S.K.: 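Sharing a structure with you now.
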Amino acid sequence: LLIFSCMSVVASAEGITDIEPNDEPATAQVIEPNASVSGVLPAPNLEAEEPYMDMDLYKFTINERSKITLTCTSNSITLIPTISDEAGEVALVPEIGEDMEELPDEYVIEDFLPKGTYYVIIFDIFTEDETTYSFTLTCESAVQSLKYKDGVWKYYVGKNPSNETTLVKYKGVWFYIEDGVWNKKATTLVKYEDQWFYVKNGKWTSKPNTLVKYKNKLLSFGSGISH
């Protein structure tokens, strides 16, 4: 599925409609980061000597870290959209239950992505009929920053303050954010992207190479990162 490239966009009063062929590396259809799209997947010819099932690919580029939201509806509940990067290292799908009888009428993908080029993949491996679909893609700036306000450094994602507890890299330094504010006195451990980091005086430090006991667990640190 992870084979893509680019093609032109056709706009109408309803938004963008798919143009065939748009299922090969040279024909993935270019859309803007904020777009409304509709399309059709023809019914597969399952009796052909080489049965073929259509897929539609859409390419979009974001120029900064962004929060993306994809909302997709279809006349087939088994059409489940995917968002992938060019290298195939990112593959985002909606959160759904394990019971196929509980598939929703509307699929939503919501996540943060770094700047780069990505692809929306529309494919329905289970259908035997023509499939119609529509989706909206929205992208909102999610650039992380710190701003000094009311006597403290507050954490912002895009233009909005965030109450997260996390690490944020700002001007080359990793700061420890607690409940949306830089805690400059904190010496603690923080989990970030599935790894534990050692924080001293509110900043990540790469110095400790030791075992650290945290919540009844011993974590081995090398260069300030758990291993």
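Just so it is clear, the model here is predicted, and its values are computed rather than measured.
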S.K.: Are the side chains of W204 and F175 in touch, meaning some heavy atoms are under 4.5 Å apart?
M.R.: no
S.K.: Enter the distance from I109:CD1 to T82:OG1 here, rounded to the nearest 0.5 Å.
M.R.: 6.0 Å
S.K.: Flag yes if more than 12 heavy atoms outside K154 fall under 6.0 Å of its NZ atom; otherwise flag no.
M.R.: yes
S.K.: Could you report the tightest heavy-atom contact between W182 and G202, atom names first, then the distance?
M.R.: NE1-O, 2.9 Å
S.K.: With no hydrogens and no angle check, just 3.5 Å: does a side-chain donor-acceptor pair link N34 and E140?
M.R.: no
S.K.: Does K200 NZ have over 12 foreign heavy atoms under 6.0 Å away?
M.R.: no
S.K.: Please find the pair of heavy atoms, one from F60 and one from V120, that lie closest to each other, and give the distance.
M.R.: CE2-CG2, 3.8 Å
S.K.: Given the side-chain rings of Y58 and F135, with only the six-membered ring counted for Trp, is the space between their centroids under 6.0 Å?
M.R.: yes
S.K.: Between N22 and L57, is any pair of side-chain heavy atoms under 4.5 Å apart?
M.R.: no
S.K.: To check you understand the geometry: which heavy-atom pair defines the closest contact between L146 and V168, and what is its length?
M.R.: CD2-CG1, 4.1 Å
S.K.: Does the side chain of Y133 reach to within under 4.5 Å of the side chain of I122, using non-hydrogen atoms?
M.R.: yes
S.K.: Evaluate the side-chain proximity of T131 to N75: yes if any heavy-atom separation is below 4.5 Å, no if none is.
M.R.: yes
S.K.: With rounding to the nearest 0.5 Å, note down the distance linking CG in L113 to CD in E64.
M.R.: 12.5 Å
S.K.: Applying side-chain contact (heavy atoms from CB on, under 4.5 Å), name anything that partners T117, two or more places apart in sequence or on another chain.
M.R.: K59, T61, E86, Y119
S.K.: Are any non-hydrogen side-chain atoms of V143 and V157 less than 4.5 angstrom apart?
M.R.: no
S.K.: Evaluate whether atom CD of E128 has more than 12 neighbouring non-hydrogen atoms of other residues, nucleotides or ligands under 6.0 angstrom away.
M.R.: no
S.K.: Indicate the atoms forming the closest heavy-atom contact of S66 with C139, along with that distance.
M.R.: CB-CB, 4.5 Å
S.K.: Using a 4.5 Å cut-off on heavy atoms from C-beta on, say whether the side chain of P42 contacts that of D54.
M.R.: yes
S.K.: Answer whether the closest heavy-atom distance between the side chains of L41 and D56 falls below 4.5 Å.
M.R.: yes
S.K.: Side chains of D179 and T165: closer than 4.5 Å at any heavy-atom pair?
M.R.: yes
S.K.: Under a 3.5 Å threshold, yes or no: a donor from one side chain and an acceptor from the other, between D124 and S76?
M.R.: yes
S.K.: What is the minimum heavy-atom distance between T27 and P21, and which atoms define it?
M.R.: CB-O, 2.9 Å
S.K.: Does a donor on one side chain sit under 3.5 Å from an acceptor on the other, for T166 and E164?
M.R.: no
S.K.: Quick one: do the S36 and T136 side chains pair a donor with an acceptor below 3.5 Å?
M.R.: no
S.K.: What are the two closest heavy atoms between S145 and Y170, and how far apart are they?
M.R.: CA-CD1, 4.0 Å
S.K.: Look up atom CD1 in I68 and atom CD1 in I62, then write down how far apart they are to the nearest 0.5 Å.
M.R.: 7.5 Å
